[in-house]
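Let me begin by presenting the structure, written as structure tokens, before commenting on it.
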Amino acid sequence: MSLRAFLSRRVVTPEGVRPAAVLVEGDRIRNLVALDRVPAEVQDAQDFGAAAILPGLVDSHVHINDPGRSEWEGFETATRAAAAGGYTLLVDMPLNCLPATTNVSALEAKREAARGRCRVDWRAWGGIVADNPADIEPLAGAGVAGFKCFLIHPGMDGFTMVTEQQLRAALPHIARTGLPLLVHAELPGEIAAATERLAAADWSLYQTYLQSRPEEAEQAAIRMLLALCREYKFRLHIVHLSASKALPELRAARSQGLPVSVETCPHYLHLAAEAIPKGATLFKCAPPIRSRENCERLWQALRDGMISLVATDHSPCPPEMKRIAEGNFRDAWGGIASLSVALPVMHTEASKRGYALTDIARWMAEGPAVLAGCELRKGRIAAGYDADFVVFDPESDFVVSEDRLYYRHLVSPYLGETLRGMVKATYLRGRLVFKDGEFPGEPVGREYRS
Ligand SMILES: [Zn+2]
């Protein structure tokens, strides 16, 4: 098998950033050697100089909406945006596609929809809904990475939320699979009451929407989940944590040895409620973007390790559903698409705070790979791993424009912003899948199977 080398003065490994040549044999990394130790048998050497080589990013929270709602996004467009953003593996959420991924035949329909259309690898989460406990173990056997449920209406009928009682019926099955349960942790009670109180308020103001989804709704959900975790001993993962108020209870649970992990998203780490303009519904997501002070507390939790990963929650919809013209935060669809810009968004904020590229690789590659059960082949530059790389120039700036988004609908709250760091190229299992705005070759992405 031919041997190739990828050289850089900044190769990002779990042990740190160092000059190295990454030797690639077929689609895997053989090993790393010093820049002056590249073996003579290497047939093709690419030197990226001062541009960094990071492990291909893994996004454990993506809404591809395919099959059934590919007019919202779809495998072709989501994986194209992923390749442009430095991602090499996406894990797809089980809702907003038709059918929702709540049984094995729906998983098979998803596999059919993905065939031959992906520029990066993908994997599926299975859904837990009100009435499918009998599908949980079959889904695990068929290859899902774990499960996702909602404790509140997910914004679209067809994927039901679960009550505590319904969750209790599912938990023994989930625990038996050993796979994680990812939970959208907001309880509806507080939110319904707050929304009713605000019925006559001005819903073109972001503050009105923010007040309708108080931190206490997240906190109450997390408290309930931690109690269930203690009782049923399943792997609990809190998706898109926004409320920093919940962190002390999470830290206490972790210190007692409960198997709980937490993610947050680039938008909670970069945007702040105070700066969201009137009527700017592109900033709507759930749970909401909160204050600047809250944002700093989330950064603190990344620093101390309570939050172990950053996922995008890439959740696009047709622009009409964002009600941009009306600017009404109550009626607009909640969701922010960011696959193509998440790495520069994170690097912009992280570099200001003194973090290194190794931290970004831990949050955006290794951490999500562990959650999705792919950590033996994805998320690290190390011998035996898939040759998934992103070539990243950490020093150059760019302005976010529509032609850099690459997903289906070119809307984004980041448009016009200057971000730091540019994705120059992305390699999937040794093959170039993105370079300087081009997507060379056929779509070779495939489902990750362990
Ligand atoms: Zn989501």
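Indexing begins at 1, ligand by ligand and atom by atom, following the structure's order. Nothing here was measured: the structure is a model prediction, and the numbers come from that model.
Here Glu438 does not pair with Lys435 in a salt bridge; the nearest charged N to carboxylate O distance is not below 4.0 Å. Ion pair Glu231/Arg168 flagged as a salt bridge, since at least one NZ, NE, NH1 or NH2 atom sits closer than 4.0 Å to an Asp/Glu carboxylate oxygen. Ionic pairing of Lys245 and Glu218 is not present here: no N-O contact between side-chain nitrogen and carboxylate oxygen is shorter than 4.0 angstrom.
Taking the Zn ion (ligand 1) as reference, the nearest N/O/S atom within Asp313 carries the name OD1.
Because the distance cut-off is set at 2.8 Å, His184 fails to qualify as a neighbour of the Zn ion (ligand 1), as none of its N, O or S atoms comes that close. Checking His240 against the Zn ion (ligand 1), every N/O/S atom stays at or beyond the 2.8 Å cut-off.
For the residue pair Ser244 / Asn294, a side-chain donor-acceptor distance below 3.5 Å is found, with atom types taken as modelled.
Here His63 contributes NE2 and His61 contributes NE2, and at the Zn ion (ligand 1) these two atoms make an angle of 110°, given to 10°.
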